*Asks:* 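Below is a structure I'd like to ask you about.
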Amino acid sequence: MPTLEWIGKDKVVNHHLDVPFRVLERKYSFDENGQHNEDNGSENMIIRGDNLEALKALLPRYEGRVKCIYIDPPYNTGNEGWVYNDNVNDPKIKKWLGAVVGKEGEDLTRHDKWLCMMYPRLKLLQKLLADDGVIFISIDDNELYNLKAICDEIFGSNNFVANVIWQKTYSPRNDALGIPYETDNILVYSKTGRWFPNKLERTAAMDERHDSPDNDPIPWQSGDVSAAGAADHQGMVYAIQQPITGKLLYPASGRHWKDEQTVVLQRMNKWAKYELRNIDDASVRAALCGISIESVRQDVMAVMLAQPLEEAAVQATARYEEGTWPEYYFTSKGKGGIRFKNHIKQDVGKSATNLWFYGDVGHTDEAKKELKGIFSGVAPIETPKPRRLIERILHIAADSNAIILDSFAGSGTTAHAVLNMNKADGGHRKFILVEMMDYANSITAERVKRVIRGYGEGKNAVEGTGGNFSFYDLGEPLLHGDVLNENVGVEKIREYVYFTDTKASLPESHPDEPYFMGVHIGSAYYFYYEKQAVTTLNREFLHTVKTEADAYVIYADLCTLSEAELEKYHITFKKIPRDITKL
């Protein structure tokens, strides 16, 4: 597979491995009681800080668990001066590029900078995504093709789902040079082939396409009973005798009947008495399949009347006039061709295509107006995405208990969409937002607070969605080089160590075994650690082990047990911090 090359790529391809693991420090929580310092246990998170380090910090708890990711990264239009969703000239990004890429970073084009910034972030997002998860990435044409190339490399070209075209404006600019843009792109990639989109909800327009001309209590839409590919389905190319006229009905040239012949026979018997019979029509079937008579199957029988035509015609006419026809029915007052009744109950919802109109998912002006309504007439973010756009993504990509991640959170539209949908259907979707800019609290979190408790006045008042979240900052790194940072809480260290060994979340602690972490696939894990003290795995410590398991993994500073003793008790000793894996 072709890969994209750019200045600095060699420095960032594996940079996600070198990103320090930082703990998350909860600053406050918010719920129906307002903002407070007590931990409310909310699974909704807003994190302030560099999203690269924040994504790394999420790994111990969320690797492989996020069902839906939506990101709206900088579009990199080339304008000077930082404008969110516009370019990568923010001082924080420039500082990061200088530290990671080095002196050659001074020669980077804006496209090089953007690719260096995006690549390690996408690598971590891919790790966080569940096997049946999917990522949606908003982008315009400035970086679309570069983004497609690196996503093919990171997610795999076989996991590319679609490039969704979103009509972002209802009024294109007449003063634009060249061809004005009305659309943006949303690239969609799955983690594996195990993601399948949900159907969109039914609309009134969809229901209007169903009728009941036969007085069927369930409205239906007329459907085709044939499909393309006659030559490859010769056993499904044959005659069906019309029960009233006696005419032999065949699928159109190049097509075959959709259903198996046993199903067709069963359905035709609802009109009259039918049987399978050889009628020596090989030449007709060969012509329909577009092959020679020598190549056509010779053993294919027709579905023919098993009673005189006069009797069948009387019976079928009476059945037609009775109404509520069988699944297969005949056009032209019962004397025409075969069609299929596609009942409304069989057509549950609509498949999402790659063309999304603003009438269905909103436009940029709608997004700004909603933001102004939340922030008393001021839109603090210049280019927010409409809430309905994110709701469309969540409808097709996530179930009602899904974890949803947005690591370029901006004004917090994703959280707004999650809370709105939970209120509407009683769901328990969880959101994780990351925003590196200083407005993470004053705009991103503030919007979520107002959505939860309600906003606006008078006829413009919007009822609150309810819900909660906790706000976090990035804390200290777990390791200073190869030395464990003792300023980090022990529980955070235990959580990290257990995850790096098991890829599982740390179970609840056991008061009677303070160093025990959990059992995973038959092995019991112990983290024998004390701040400012040396711990030793010895016989004395073994006497404190109460959990029975097939094997043991024990972390400590030192070990005085012999190799024979370790083997006897099926113990793997890991030295703190040398053997603590770096994510």
Side-chain angles (χ1 to χ4, degrees), residues 3-24 47-60 63 69 71-129 135 137 139 142-143 146-155 405 407-409 434-438 440 473-483 485 496 500 580-583:
T3 57
L4 184 68
E5 297 296 328
W6 67 90
I7 297 175
K9 180 178 181 179
D10 59 320
K11 302 292 180 64
V12 298
V13 165
N14 292 311
H15 176 63
H16 63 288
L17 300 173
D18 298 324
V19 175
F21 175 81
R22 307 178 82 93
V23 298
L24 294 173
I47 303 169
R48 175 172 54 193
D50 183 346
N51 56 15
L52 186 62
E53 294 184 334
L55 293 174
K56 188 72 169 273
L58 290 170
L59 284 177
E63 182 170 0
I69 296 173
I71 59 171
D72 186 15
Y75 281 10
N76 199 22
T77 59
N79 294 340
E80 294 302 319
W82 173 258
V83 178
Y84 190 78
N85 276 0
D86 193 48
N87 59 45
V88 289
N89 282 327
D90 175 67
K92 294 179 181 178
I93 294 293
K94 285 183 175 179
K95 182 179 179 181
W96 177 83
L97 286 167
V100 173
V101 179
K103 191 167 181 61
E104 66 187 272
E106 298 174 6
D107 299 324
L108 298 180
T109 68
R110 65 184 178 90
H111 298 291
D112 294 324
K113 292 177 185 177
W114 190 87
L115 287 163
C116 285
M117 183 273 293
M118 286 297 295
Y119 198 96
R121 288 160 173 81
L122 289 170
K123 290 281 280 191
L124 291 175
L125 288 167
Q126 193 268 350
K127 287 179 174 292
L128 289 162
L129 202 59
I135 182 172
I137 310 172
I139 202 71
N142 280 282
E143 298 291 357
N146 287 334
L147 177 62
K148 175 71 167 60
I150 61 174
C151 282
D152 281 349
E153 190 173 325
I154 294 168
F155 293 93
L405 169 63
S407 57
F408 290 87
V434 184
E435 178 51 60
M436 70 179 290
M437 302 303 290
D438 293 337
D473 275 335
L474 288 172
E476 294 195 40
L478 184 82
L479 297 168
H480 287 312
D482 292 328
V483 179
N485 181 2
Y496 177 91
T500 56
I580 294 179
T581 305
K582 290 185 178 180
L583 283 174

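Bear in mind the structure is a predicted one, so any value in this text is a computation, not a measurement. Residue numbers run from 1 in the order of the sequence given. FYI, side chains are in, hydrogens and waters are out, and symmetry mates aren't considered; it's all heavy atoms of this structure.
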*Asks:* Search all heavy atoms of Lys127 against all heavy atoms of Glu63 and return the closest pair with its distance.
*Replies:*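 Smallest heavy-atom distance, with atoms named: O-CG, 3.2 Å.
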*Asks:* To the closest 0.5 Å, what do you measure between CG (Leu405) and CD1 (Ile135)?
*Replies:*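 Taking CG in Leu405 and CD1 in Ile135, the distance rounds to 8.0 Å.
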*Asks:* Charged N to carboxylate O under 4.0 angstrom, Lys56 versus Asp18?
*Replies:*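 Here Lys56 does not pair with Asp18 in a salt bridge, since their nearest N and O are not under 4.0 Å apart.
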*Asks:* Does the pair Glu153/Lys9 count as a salt bridge with the N-to-O cut at 4.0 Å?
*Replies:*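 Looking at Lys9 together with Glu153, the answer is yes, because their closest N to O distance falls below 4.0 Å.
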*Asks:* If I take atom CG from residue Leu125 and atom CZ from residue Phe155, how far apart are they, to the nearest 0.5 angstrom?
*Replies:*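 CZ of Phe155 is found 6.5 Å from CG of Leu125.
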*Asks:* Please test Arg48 against Met437 for side-chain contact (heavy atoms from CB on, under 4.5 Å), starting from the C-alpha separation and ending with a verdict.
*Replies:* CA-CA 7 Å; Arg48 175 172 54 193; Met437 302 303 290; over 6 Å; no
*Asks:* Could you pull out the closest heavy-atom pair between Ala54 and Leu474, with the gap in Å?
*Replies:*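 Smallest interatomic distance, heavy atoms only, reads CA-CD2, 3.8 Å.
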*Asks:* Quick one: are Cys116 and Val100 in side-chain contact, heavy atoms under 4.5 Å?
*Replies:*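 Side chain of Cys116 against side chain of Val100, heavy atoms only: no contact under 4.5 Å found.
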*Asks:* Any heavy-atom pair between the side chains of Arg121 and Asn51 that's under 4.5 Å?
*Replies:*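 Touching, per the 4.5 Å side-chain cut-off.
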*Asks:* Under the side-chain contact (heavy atoms from CB on, under 4.5 Å) criterion, do Asn142 and Trp114 qualify, and how do the steps go?
*Replies:* CA-CA 11 Å; Asn142 280 282; Trp114 190 87; over 6 Å; no
*Asks:* About how many Å separate CG of Asp152 and NZ of Lys148, when rounded to the nearest 0.5 Å?
*Replies:*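 Reported value, rounded in 0.5 Å steps: 3.5 Å.
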*Asks:* First locate atom CG of Leu122, then atom CG of Leu129, and finally report the distance between them rounded to the nearest 0.5 Å.
*Replies:*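 Here the interatomic distance stands at 11.5 Å.
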*Asks:* Indicate yes or no: at least one non-hydrogen side-chain atom of Pro20 is less than 4.5 angstrom from one of Leu478.
*Replies:*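 SC-SC contact between Pro20 and Leu478 ruled out.
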*Asks:* Can you name the nearest heavy-atom pair linking Ala57 to Arg22, along with the distance?
*Replies:*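 Smallest interatomic distance, heavy atoms only, reads CB-O, 3.0 Å.
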*Asks:* Could you pull out the closest heavy-atom pair between Lys11 and His15, with the gap in Å?
*Replies:*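 The answer is O-CB, 3.6 Å.
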*Asks:* Please tell me if the side chains of Ile47 and Met436 come closer than 4.5 Å, counting only heavy atoms from C-beta onward.
*Replies:*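 Contact flag for Ile47/Met436 side chains = no.
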*Asks:* I need the minimum non-hydrogen distance between Cys151 and Ile137, along with the two atoms involved.
*Replies:*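 Closest heavy-atom pair between Cys151 and Ile137: SG-CD1, 3.8 Å.
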*Asks:* Would you compute the distance between atom CD of Glu435 and atom CG of Asp50 and round it to the nearest 0.5 angstrom?
*Replies:*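 One finds 11.0 Å between CD of Glu435 and CG of Asp50.
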*Asks:* Rounded to the nearest 0.5 Å, how far apart are CD1 of Ile139 and CG of Leu147?
*Replies:*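 Here the rounded value is 5.5 Å.
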*Asks:* Does the side-chain contact (heavy atoms from CB on, under 4.5 Å) test come out yes or no for Asn485 and Val23, once each step is laid out?
*Replies:* CA-CA 11 Å; Asn485 181 2; Val23 298; over 6 Å; no
*Asks:* Using the side-chain contact (heavy atoms from CB on, under 4.5 Å) rule, take Trp6 and Asn146 through it: C-alpha gap first, then chi angles, then the decisive distance, then the call.
*Replies:* CA-CA 10 Å; Trp6 67 90; Asn146 287 334; over 6 Å; no
*Asks:* Within the 4.5 Å heavy-atom criterion, are Thr500 and Pro60 side-chain neighbours or not?
*Replies:*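 They are not in contact (no side-chain heavy atoms under 4.5 Å apart), so the answer is no.
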*Asks:* What residues, two or more places apart in sequence or in another chain, satisfy side-chain hydrogen bond (donor to acceptor under 3.5 Å, both in side chains) together with Lys123?
*Replies:*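 In terms of side-chain hydrogen bond (donor to acceptor under 3.5 Å, both in side chains), with neighbours along the sequence ignored, Lys123 is linked to no residue.
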*Asks:* Taking all heavy atoms of Gly49 and all of Val434, pick out the closest pair and write down the distance.
*Replies:*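 Result for this residue pair: O-CG1, 3.8 Å.
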